[in-house]
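On a predicted model such as this, the values are computed, not experimentally measured, just so you know. Every heavy atom of this structure was used, including side-chain atoms; hydrogens, water molecules and symmetry mates were not.
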Amino acid sequence: MPNYVCTGLIQVKARIRECRMKPKPPKNARTRLMLTLELAVILPAAVLVILSARHLKSIQRDRAVEAAIERDFSQVLAISEKQINHKAYELADEVRSEFPGPGAACTVTLDRILAAHPYVAHLMIYDPQNGFVFRSQPYKLNDPGFRQEHEYISKMMEGWWNLEFDEFSKKLAKMQEKGTPFLFENDWSPRGEKHVYSTTAIFLKTDEESGHPAIAGITFDADYLREQFFPQTLDEIMSRNVAEAQTDKNAVIMVRPKSDSTPLAYCKGWDGGEAEVERNMEGAFPGLVLGMKLRGTTLAALGQHFMHTSFLTLGALSLLLAGGIVVTYRNVSKEMALARLKSDFVSNVSHELRTPLALIRLYAETLELGRLTSHEKQQEYYCIIRKESERLSALINNILDFSRIEAGRKEYDFRETDMRELVRNTLESYRYQIEQNGFTFEEQIADVPPLRVDREAIARSLVNLVNNALKYSQDRKYIGVNLFRDNGCIKLEVIDRGIGIAAGEQHKIFEKFYRVGDPLVHNTKGSGLGLSLVQHIARAHGGQVAVDSTPGAGSKFTIILPLYPLEGGKLAASV
């Protein structure tokens, strides 16, 4: 047996004895580790969060000033809403006074009203006798977005009023009797790629000749509301309130949609941010919110800002601690899993080493005692000893290669090689073990050009794949090896009809120490390094290794090597 094999055996056996002498970790090591993690990290973090929250609450500013400001703002907003509604009612009344009866409503009469009142976008009237009449500002109909709004509102109103005319007209009549001439309905109408706020003043219009009721509507123009009505009205309101000392001169007001914090319009001096006090609007502009705040800052605002900043800082610290806990837990779990895999690795390798050593010792003692008289039988035993020694050497070489790869010292000696001869010789040295295990063996080695490869590394990769096929095949014992050229590369395939690999685990099998969760795999001893070494060797040659497998149907591993030559005689590679 070569000296380097003996030296390797001595080192491995010493390592096994050392591992056996170490005390086994207690079964509840994970529980104790998690308890330590909770006491060392989670408990201090929880205490920090609780104490910080109590501290922030204890230093909260006096809310008396803030409450007074809120009451003042609420009163101003209530008055402002009434003033805005009053102005909207006046505009609607101007149009209603000119509105024709159901029998007189037509394109000419409605267009005349639209021309006189540019703040109106659409006019409409409906009664069962005359049908639905709908007109929009003629000069804006050339705009595609406005035309889209025109079609949307026309279709919606006609369908609604046609279905509910009787009930709706009675409701409007009752409102009119109580002194409320208008019912305002809001909508977000589509204009191109956006939606705009519009409100429609709906009222009852009676035909003077026949006395038949009709439902009429006046839709305010969305651009007019956003760009003129609201800004001007809000400025007038705030100027009047400041002049009458009803509010602070630094107070500013805005109006926004209920579903959006972005202001639809605001008065002069609005400096952004959110309103301190808000009020839902009713009457002429349902669906909108009036909001008020102080420009700049106040004592209450400073207190709130401090509180928000402190709570955000506390939240960020809490998230940071939580992230640290998660990362710590993942790292600890990963280290524990790796330690468990390494422990399994030592156990499996020790078994893998004992098997060939026991055979070598058995046959060597038989030969030494001279119990064999037949020369042919002696040659058979010598052959078995040689092949088991080769198997032992391959296992030790795997371990040594893995050690060099982990240390970043693995080197490959690339030489021009006849791949056909390399594959044939490697398979021939393994043929005895294949036949002894009752496998059907097929090989198809095509004519391929020479490659610059590391002979020993490629042979070891092939042996690892064949050895896996031997170990993980049950009833259908078949091994096929194919070597051929395909699309500018050389492919070396090892095919079996064994247990196969699930799709979810195929990307993990090339990780070091990883073993598939199949019971047969766990009952079969192995180091969990073979496929990891195969992948490293393939990549060091500029290629790759692929797997195509179906559980219960077998696997096909393919080493793909490029045809172009690698430069230099030696190439250092690391994981």
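Scanning both residues, Met124 and Phe132, for their nearest heavy atoms gives CB-CZ, 3.9 Å. Across every non-hydrogen atom of Ala92 and Ala201, the tightest pair is CB-CB, 4.2 Å. Pairing each heavy atom of Ala216 with each of Phe99, the nearest pair is CB-CE2, 3.9 Å. Taking all atoms of both residues into account, the shortest heavy-atom contact from Phe230 to Ile84 is CE2-CG2, 4.3 Å. Across all their heavy atoms, Pro100 and Ala105 have their closest contact at CG-CA, 3.8 Å. Between Gly192 and Gln148, the closest heavy-atom pair is N-OE1, 2.8 Å.
Contacts classified as salt bridge (charged side-chain N to carboxylate O under 4.0 Å, His left out) and involving residues 134-162 (residues at least two apart or in different chains) are given here: Asp111-Arg135, Lys140-Asp221, Lys140-Asp223, Glu149-Arg191. Pairs passing the salt bridge (charged side-chain N to carboxylate O under 4.0 Å, His left out) check and including a residue from residues 169-185, sequence neighbours excluded, do not occur. Note on residues 534-549: no pairs pass salt bridge (charged side-chain N to carboxylate O under 4.0 Å, His left out), not counting sequence neighbours.
With sequence neighbours excluded, the residues forming a ring-ring contact (aromatic ring centres under 6.0 Å, His included) with Tyr224 are Tyr119, listed by chain and number. For Tyr126, the ring-ring contact (aromatic ring centres under 6.0 Å, His included) partners at least two apart in sequence or on another chain are Phe165. Annotation: side chain to side chain contact (heavy atoms under 4.5 Å, CB included) contacts of Cys267 (sequence neighbours excluded): Leu234, Asp235, Met238, Val252, Ile253. With sequence neighbours left out, the side chain to side chain contact (heavy atoms under 4.5 Å, CB included) criterion links Gln129 to Asp127, His212. Residues meeting the side-chain hydrogen bond (donor to acceptor under 3.5 Å, both in side chains) test with Thr233, sequence neighbours left out: Lys87. Under the ring-ring contact (aromatic ring centres under 6.0 Å, His included) criterion, Tyr89 pairs with Phe182, Phe184, sequence neighbours left out. A search for side-chain hydrogen bond (donor to acceptor under 3.5 Å, both in side chains) contacts involving Thr262 returns Asp260, not counting sequence neighbours. Among residues two or more places apart in sequence or in another chain, the side chain to side chain contact (heavy atoms under 4.5 Å, CB included) test is passed with Asp187 by Tyr152, Met156, Ser189, Ser198. The side chain to side chain contact (heavy atoms under 4.5 Å, CB included) search around Gln176 returns Arg96, Leu204, not counting sequence neighbours.
Contact check for Trp270 versus Pro263: side-chain heavy atoms found under the 4.5 Å cut-off. Proximity of Thr200 to Phe220: side-chain heavy atoms (C-beta onward) are nowhere separated by under 4.5 Å. Counting heavy atoms from C-beta on, the side chains of Val547 and Leu531 never come closer than 4.5 Å. Between Phe134 and His150, some side-chain heavy-atom pair lies under the 4.5 Å cut-off. A heavy-atom distance below 4.5 Å is not found between the side chains of Leu91 and His117. Counting heavy atoms from C-beta outward, Ile509 and Phe557 have side chains that approach closer than 4.5 Å. Leu123 has its side chain within reach of Val95: a pair of non-hydrogen atoms, C-beta onward, lies under 4.5 Å apart. In this structure, the side chains of Leu264 and Pro257 come closer than 4.5 Å at one or more pairs of heavy atoms.
The main-chain N or O of Ala538 is never found under 3.5 Å from a side-chain atom of Gln544 such that the two would form a donor-acceptor pair. Side chain of Glu81 to main chain of Glu282: a donor-acceptor pair is present (N/O by atom type, distance under 3.5 Å, no hydrogens or angles). Within the 3.5 Å criterion, the main-chain N or O of Ile125 finds no donor-acceptor partner in the side chain of Lys205. In this structure, Thr219 contributes its side chain and Val120 its backbone to no donor-acceptor pair below 3.5 Å. Looking at Lys258, its side chain never comes within 3.5 Å of a backbone N or O of Pro286 through a donor-acceptor pair.
Counting heavy atoms of neighbouring residues, nucleotides and ligands inside a 6.0 Å radius, atom CD of Glu274 does not exceed 12 of them. Heavy-atom neighbours of Tyr266 OH from other residues, nucleotides or ligands within 6.0 Å: at or below the threshold of 12.
His122 and Phe146 have their aromatic ring centers within a separation under 6.0 angstrom. Taking the six-membered ring where the residue is Trp, the centroids of Phe229 and Phe285 are separated by under 6.0 Å.
Considering OG of Ser74 and CD1 of Ile79, their distance stands at 11.0 Å, rounded to 0.5 Å. Glu278 contributes atom CD, which lies 8.5 Å from atom CG of Leu77 (distance to the nearest 0.5 angstrom). For the atom pair Glu236 CD and Gln83 CD, the distance stands at 9.5 Å (nearest 0.5 Å). Put simply, CZ on Arg279 and CG on Leu288 are 13.5 Å apart, with the number rounded to the nearest 0.5 Å. Taken from CD1 in Ile559 to NZ in Lys491, the straight-line distance is 13.0 Å, to the nearest 0.5 Å. Here the CD-NZ distance, from Gln232 to Lys268, works out to 9.5 Å after rounding to the nearest 0.5 Å.
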